[in-house]
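These notes are about the structure you will find just below.
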Amino acid sequence: MLAVQVRGEGLPILCLHGHPGDSRSMSVFTDPLSQQFQTLTPDLRGYGRSRASADFQMQDHLDDLEAVLDRFEVSQCLVLGWSLGGILALELALRLPQRVCGLILVATAARPHSAHPPLSWQDNLMTGLASAANLISPGNAWARDWGQQSLFRYLIRQHTPAAYRYLAYQGAPAYLRTSGYATRALNQAIRQGYSRLDDLKQLEIPCLMLCAEGDCHITLASSLETAAALPNCTTIRYPDVAHLFPWEIPQQVQQDIANWLAVRSDQWPSAARRNGD
């Protein structure tokens, strides 16, 4: 059984983190959303508090998430997914079309491609130094200076103290609590050449795609390809940010999501329909 953080009241929004990640790393979304909606934020299998004891496949995540909806008696919900979480959001909508009424997709794709440069020993060394300095004093100048010479430069473009505080308080703990089982399950799916692009025409529900122009983990092109294949998708692309852009420009991302939800408020089922009412 997955550990799930539940906040707020109203129409449920299932919030799915990426790899590495956990429910706490989704607070940039759940803090504002839980003021108007009920947010259900699980630690996926093998992440955070949802420990795994054996190897598993990506399909098992979907079984787990369907069980979460059953446990909380959710008849219909929105699903918000970041990176891997967005892939699972698309899969869940294809699997349970009567229960998913809308998607918010963040830095993700149905046929993900990466353009990450090769890594050097200097990259790893500077990442260690930046991480250590950032844990000692989140957002300090040394951490940000070293971070711009480390792997952090591929995750964020705007090296602000606020972004580094997210990395320290949410990114680092999530990384440390991501199991080898979870990493192997993801790598296996990547090796198999994952793609659900041709199936997206089935998803006529409202979708919002948020993507970064500087994302090299899941490229802008692959996110735009997914958005174009969805019949009812609004796309917002952000300049000068990378894969962790919700931590770089949180207020802008939060406002864009709020605006999209408000414009389509008459398309969402009422909160009374939760629990089968």
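Computed from a predicted structure; not experimentally measured. Quick note: numbers below take in every heavy atom, side chains included, and nothing from hydrogens, waters or symmetry partners.
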Side-chain donor or acceptor of Asp43 paired with backbone N/O of Ser23 under 3.5 Å
yes
Does the Trp268 side chain pair with the main chain of Leu261, one donor and one acceptor, at a distance under 3.5 Å?
yes
Any donor-acceptor N or O pair under 3.5 Å, side chains Asp123, Ser120
yes
Between the main-chain N or O of Cys216 and the side-chain N or O of Ser114, is there a donor-acceptor pair closer than 3.5 Å?
yes
Residues passing the salt bridge (charged side-chain N to carboxylate O under 4.0 Å, His left out) test with Arg157, sequence neighbours excluded, are none
Strictly distance-based, threshold 3.5 Å: is any side-chain N or O of Asn134 a donor or acceptor partner for the main-chain N or O of Ala143?
no
Residues passing the salt bridge (charged side-chain N to carboxylate O under 4.0 Å, His left out) test with Asp63, sequence neighbours excluded, are Arg95
N/O donor-acceptor pair under 3.5 Å between Thr226 side chain and Ser222 backbone
yes
Main chain of Gly46, side chain of Ser179: is a donor-acceptor contact present, judged purely on distance under 3.5 Å?
yes
Sidechain-backbone polar pair: Glu204 side chain, Pro231 backbone, donor-acceptor under 3.5 Å:
no
Whether Arg71 side chain and Ala67 backbone form a donor-acceptor pair below 3.5 Å:
no
Only counting residues at least two apart or in another chain, list the ones meeting side chain to side chain donor-acceptor pair (under 3.5 Å) with Gln5.
none
Can Asp31 and Arg7 be said to form a salt bridge (Lys or Arg N to Asp or Glu O under 4.0 Å), step by step?
CA-CA 9 Å; Asp31 283 351; Arg7 301 176 62 186; 2.7 Å; yes
Those residues at least two apart in sequence (or on a different chain) that pass side chain to side chain donor-acceptor pair (under 3.5 Å) with Ser50 are none
For the backbone of Ala242 and the side chain of Glu248, can you confirm whether one donor and one acceptor N or O come within less than 3.5 Å of each other?
yes
Return yes if some donor-acceptor pair links the side-chain N/O of Asp64 with the main-chain N/O of Leu44 below 3.5 Å, else return no.
no
Strictly by ring-ring contact (aromatic ring centres under 6.0 Å, His included), give each pair with a member in residues 47-68 just once, sequence neighbours left out.
His17-Tyr47, His19-Tyr47, Phe56-His61
Take His159 and Phe152 through the ring-ring contact (aromatic ring centres under 6.0 Å, His included) test and state the conclusion after the steps.
CA-CA 9 Å; His159 295 260; Phe152 290 172; 7.9 Å; no
Taking only residues two or more places apart in sequence, or in another chain, which ones meet Asp145 in a salt bridge (charged side-chain N to carboxylate O under 4.0 Å, His left out)?
none
